[in-house]
Amino acid sequence: MYITQIKNGKVEIRKISGSLVRTIGNGDAVSADLNSDQSLVVITTIKGKVEIRKINGSLVRTIGNGNAIDAKWYNNEIAISTDKGKTELRKESGSLIKTF
């Protein structure tokens with residue numbers, strides 16, 4: 001079981017005990033969230049981009065329109081809060097399901 005922590009813009013993956021597993025990202029993260037099986041991390045960057053990364057740190061894809069302020073996993077989908085007060089529900093592939 002892992003948790004995420006942001007330090008100096010980097011995402012730290014930590015065990016529940018607190019010990020560091022690895023650090024991932026480009027140093028511009030503002031939030032991060034692990035999916036339910038803890039194989040993927042969704043990272044929101046300072047520039048409003050949303051990155052999906054494997055737990056080992058490799059980039060899977062970048063999604064969204066560059067206006068994200070936060071992103072969280074919701075089952076196998078990603079809920080992205082935007083700077084316009086909307087929430088985009090997207091598939092893991094990045095395709096838009098709906099906006100509300």
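- Proximity of Ile69 to Thr82: side-chain heavy atoms (C-beta onward) are nowhere separated by under 4.5 Å.
- Trp73 and Val11 fall into different hydrophobic clusters, where Ile, Leu, Val, Met, Phe, Trp and Tyr are joined by side-chain heavy atoms under 4.5 Å apart, directly or via other members.
- At least one donor-acceptor pair under 3.5 Å links the side chain of Asn56 to the backbone N or O of Ser58.
- Nearest heavy-atom pair across Ser31 and Asp70 is OG-OD1, 2.8 Å.
- Residues Ile97 and Glu77 form a side-chain contact, since some pair of their non-hydrogen atoms from C-beta on lies under 4.5 Å apart.
- Here the closest heavy-atom approach between residue Gly94 and residue Ile63 is recorded as CA-CG2, 3.3 Å.
- Taking both residues in full, the closest heavy atoms of Leu59 and Glu51 are given as CD1-CB, 3.9 Å, listed atom of the first, atom of the second, then distance.
- The shortest side-chain heavy-atom distance between Thr87 and Thr99 does not fall under the 4.5 Å cut-off.
- Around atom CG of Asn76, no more than 12 heavy atoms belonging to other residues, nucleotides or ligands sit under 6.0 Å away.
- Residues Val60 and Arg53 are not in side-chain contact: their nearest non-hydrogen atoms beyond the backbone lie 4.5 Å or more apart.
- Nearest heavy atoms, Ala68 versus Ile80: CB-CG2, 3.5 Å.
- Between Gln5 and Leu20 there is no side-chain heavy-atom pair separated by less than 4.5 Å.
- Side-chain contact check for Lys54 versus Leu40: some heavy-atom pair is nearer than 4.5 Å.
- Between Lys91 and Ile78, the closest heavy-atom pair is O-CD1, 4.5 Å.
- A distance-only check finds a donor-acceptor pair linking the side chain of Thr44 to the backbone of Ala71 [under 3.5 Å].
- With rounding to the nearest 0.5 angstrom, the CD1 atom of Ile43 is 9.0 Å from the OG1 atom of Thr45.
- Between Asp33 and Val41 there is no side-chain heavy-atom pair separated by less than 4.5 Å.
- Remark: Ile13 CD1 to Gln38 CD distance equals 8.5 Å, nearest 0.5 Å.
- Rounded to the nearest 0.5 Å, atoms NZ (Lys49) and OG1 (Thr62) are 7.0 Å apart.
- When atom types are taken as modelled, the side chain of Arg22 and the backbone of Ile55 share a donor-acceptor pair closer than 3.5 angstrom.
- Under the 3.5 Å distance criterion, the side-chain polar atoms of Asp37 are matched with a main-chain donor or acceptor of Ser39.
- In this structure, Met1 and Lys15 have side chains that are not in contact, with every pair of non-hydrogen atoms separated by 4.5 Å or more.
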